[in-house]
Amino acid sequence: DTGFLLAASRLNAAAHEAAARILGPDALRELEAAAAVLLRAKLVLLGHGGAGKTCLRRRLAEGVFFEHLLATDGVEMSEVELTVAIADGGGGERRLSVFLWDLGGQYEFLATHPFFIDSMAIFSLVVSLNRERDNQASVANLASSLRFLRTVRARAPRASVALVGTHADGVEQPVEALEQLRVELEAACPGVLTPGLVFAISSRDGGGVEELRTGLAAHAVTLDHVRETVPAPYLKLHEELSNRASASPHLPLGDVVSIATSPACHVPVLGAPDATIPDSASALRALAKLTSWGAVHHHASPSLRGTVVLRPKWLADAMACVIGPKRAEVDEGVSPIVRERTERRCRLMSGGRLDHSRLDELWCAATIEGFAEANASLCPYLLATMHAFELAYPILNNDGEPSGESLVPSMLPQQRPLDLHPFAGLADDAKMAKMEVRLSFVPQELFPRLLVRLQQYVQARDCWFDAH
């Protein structure tokens with residue numbers, strides 16, 4: 001978290017004292033206790049809908065190509081192990097564990113993207129080279145790519161960003177087409193793309209995929225937060241929570257602290273006491289590290305800190321129940337869960353308002369895989385998460401008390417309601433103010449959050465939202 005690597009066993013007295021001041025003596029002791037150098041990375045796939053992100057994720061994770069894949073509903077995740085050569089004097093190869101996050105590229109899901117973009121991730125901007133063959137599509141390719149790049153620059157300005165061109169097998173000169181796009185992107189958004197991380201690939205025949213694997217892995221291990229020193233008990237906690245994730249997607253924080261401080265997470269150290277996670281403060285540090293990997297999710301805010309999500313995909317599915325297309329129709333072949341999720345979202349949030357008394361209809365076994373009847377008690381946590389992430393806003397009554405409803409900007413009507421008369425009843429000489437903002441870059445994913453923040457100044461029924 002402090003931005004440097006610590007090899008505790010090689011610290012002299014002065015360096016040890018300095019590290020203790022920076023990290024704190026408790027955190028330093030944890031690092032000194034059976035510390036292990038890990039290679040772990042989070043790779044986030046960004047790009048417009050239909051760019052080939054899901055095919056690429058499946059190709060990287062499973063080594064196969066799937067001809068007909070439906071659009072990603074929210075977020076999909078995979079884990080993949082890569083082999084990388086380590087130039088540390090000892091030679092040889094190491095395994096790099098990568099958490100792959102595939103973010104839905106349709107505009108409805110853009111509001112969720114900022115919550116998966118952080119400085120600890122590596123990003124791959126995925127573009128379809130097929131679109132470069134048509135001038136109009138090429139312009140759209142450039143515009144959507146710039147939107148994603150600028151979002152990354154705003155949220156994680158120092159993060160590494162690769163450019164990956166898909167469908168290379170369908171283009172006569174894929175390398176040249178991708179290079180032209182890179183030049184245009186660099187001119188419009190200088191310094192965001194990482195030099196040397198440009199790959200033209202085909203998920204269909206596997207062309208260029210091995211070069212992508214090798215290039216990303218080689219770059220990843222040069223990053224301090226990827227090649228880090230981690231207390232061995234943190235790894236034991238990860239194992240323990242992973243084993244429990246199949247039985248339950250979440251646990252109370254108190255249960256996780258009990259697991260972390262139990263003998264199950266003790267690690268023997270030759271000639272010294274066992275390495276442990278000694279107390280709740282240490283357990284919270286361990287959770288923060290696991291969250292940065294994308295292995296679990298724990299939010300430190302007062303309304304959310306009591307729950308630890310063991311399967312982040314489960315939380316992403318809960319978000320997809322709220323954020324998604326406004327139309328009830330779905331493509332042929334979608335899973336029953338996605339179909340039900342879409343239909344309920346449109347029915348329960350018609351007009352952009354969510355009745356809290358119907359949360360158990362929105363978040364249930366029919367809409368979230370692995371949601372058991374016992375999970376119904378977690379609906380308030382999921383609602384609080386939507387509020388904390390500014391995907392929804394609790395509507396207050398005239399007395400400033402919660403009304404039992406939330407406004408969901410992404411589900412608001414796209415056109416101004418015909419019966420809306422926001423200035424009715426004002427005196428003839430009343431003064432009104434109009435605010436108009438002109439932006440060279442329109443951050444579509446931020447506007448739902450802007451509407452949430454403006455709700456304290458307007459009536460919920462006086463809102464509409466056109467995301468185009």
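Positions are given from 1, in the same order as the sequence printed here. Heavy atoms only: backbone and side chains are in, while hydrogens, waters and symmetry mates are out.
The CG atom of Leu378 lies 11.5 Å from the CG atom of Leu359; values are rounded to the nearest 0.5 Å. Atoms CG and CD1, on Leu251 and Ile259 in that order, are 5.5 Å from each other to the nearest 0.5 Å. For the atom pair Leu149 CG and Leu125 CG, the distance stands at 5.0 Å (nearest 0.5 Å). Distance OG1/Thr83 to CZ/Arg95: 3.5 Å, rounded to 0.5 Å. Separating the CG atom in Leu197 from the CG atom in Leu163 is a distance of 9.5 Å, to the nearest 0.5 Å. Taking NE2 from His298 and CG from Leu310, the interatomic distance works out to 11.5 Å, rounded to the nearest 0.5 Å.
Ring orientation note: the planes of His297 and Phe389 are nearly perpendicular, at an angle over 60° on the 30°/60° scale.
Each of Lys42, Arg158, Arg155 was compared with Asp118 under the salt bridge (Lys or Arg N to Asp or Glu O under 4.0 Å) criterion, and only Lys42 meets it.
Closest approach of Ile122 to Ala220, counting heavy atoms only: CD1-CB, 3.7 Å. In terms of heavy-atom proximity, Cys379 sits nearest to Trp363 at O-CZ3, 3.6 Å. In plain terms, the two heavy atoms of Glu240 and Cys265 that are nearest each other are CG-SG, 4.1 Å. Minimum heavy-atom separation, Pro233 to Val267: N-CG2, 3.9 Å. Of all the heavy atoms in Lys236 and Ala264, the pair that sits closest is CE-O, 3.4 Å. Residues Ala388 and Leu304 come closest through the heavy atom pair CB-CD1, 3.7 Å.
Residues Leu253 and Leu284 are in side-chain contact: their nearest non-hydrogen atoms beyond the backbone lie under 4.5 Å apart. No side-chain heavy atom of Phe99 sits less than 4.5 Å from a side-chain heavy atom of Pro312. Contact of the Ile337 side chain with the Ile368 side chain is not registered, since no non-hydrogen atoms from C-beta on lie closer than 4.5 Å. Leu315 is listed as a side-chain neighbour of Leu382, based on a closest heavy-atom distance under 4.5 Å. Within the 4.5 Å cutoff, the side chain of Ser160 has heavy atoms near those of the Leu223 side chain. Between Asp102 and Arg58, the closest side-chain pair of non-hydrogen atoms is not below 4.5 Å. Counting heavy atoms from C-beta on, the side chains of Arg244 and Ser246 never come closer than 4.5 Å. Looking only at side-chain heavy atoms (C-beta outward), Tyr381 and Val309 come within less than 4.5 Å of each other.
Distance alone, capped at 3.5 Å, places no donor-acceptor pair between the Lys313 side chain and the Ser78 backbone. In this structure, Arg153 contributes its side chain and Pro157 its backbone to no donor-acceptor pair below 3.5 Å. In this structure, Ser97 contributes its side chain and Arg40 its backbone to no donor-acceptor pair below 3.5 Å. A distance-only check finds no donor-acceptor pair linking the side chain of Glu79 to the backbone of Val98 [under 3.5 Å]. Between the side chain of Arg341 and the main chain of Thr367, a donor-acceptor pair closer than 3.5 Å is present. For Arg59 (side chain) and Arg204 (main-chain N/O), a donor-acceptor pair under 3.5 Å exists by modelled atom type.
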Discussion item. Run Leu391 and Val408 through side chain to side chain contact (heavy atoms under 4.5 Å, CB included) and show every step you take.
Written reply: CA-CA 6 Å; Leu391 300 177; Val408 183; over 6 Å; no

Pair His299-Thr385, side-chain hydrogen bond (donor to acceptor under 3.5 Å, both in side chains): steps then yes or no: CA-CA 9 Å; His299 200 284; Thr385 300; over 6 Å; no

Evaluate the criterion side-chain hydrogen bond (donor to acceptor under 3.5 Å, both in side chains) for residue pair Ser128 and His167; output intermediate values, then yes/no. CA-CA 6 Å; Ser128 173; His167 305 105; 3.0 Å; yes

- Task: Starting from the C-alpha separation in whole Å, work towards a yes-or-no answer on side chain to side chain contact (heavy atoms under 4.5 Å, CB included) for Cys321 and Met319.
- Result: CA-CA 5 Å; Cys321 290; Met319 295 173 67; over 6 Å; no

What do the steps show when you test Thr54 against Glu76 for side chain to side chain contact (heavy atoms under 4.5 Å, CB included), and what is the final call? CA-CA 8 Å; Thr54 302; Glu76 295 289 343; 5.7 Å; no

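Side chain to side chain, Arg353 and Ser406 fail the donor-acceptor criterion of an N or O pair below 3.5 Å. Neither side chain, Gln180 nor Glu176, offers a donor N or O lying under 3.5 Å from an acceptor on the other. No hydrogens or angles considered: nothing links the side chains of His219 and Thr194 as a donor-acceptor pair under 3.5 Å. Side-chain atoms of Arg285 and Ser282 form a donor-acceptor pair, as typed in the model, at a separation below 3.5 Å.
Open room surrounds CZ on Arg305; 12 or fewer heavy atoms of other groups in view lie less than 6.0 Å from it.
Annotation: side chain to side chain contact (heavy atoms under 4.5 Å, CB included) contacts of Ala366 (sequence neighbours excluded): Glu340, Arg344, Cys364. In this structure, Glu369 has no salt bridge (Lys or Arg N to Asp or Glu O under 4.0 Å) partners at least two apart in sequence or on a different chain.
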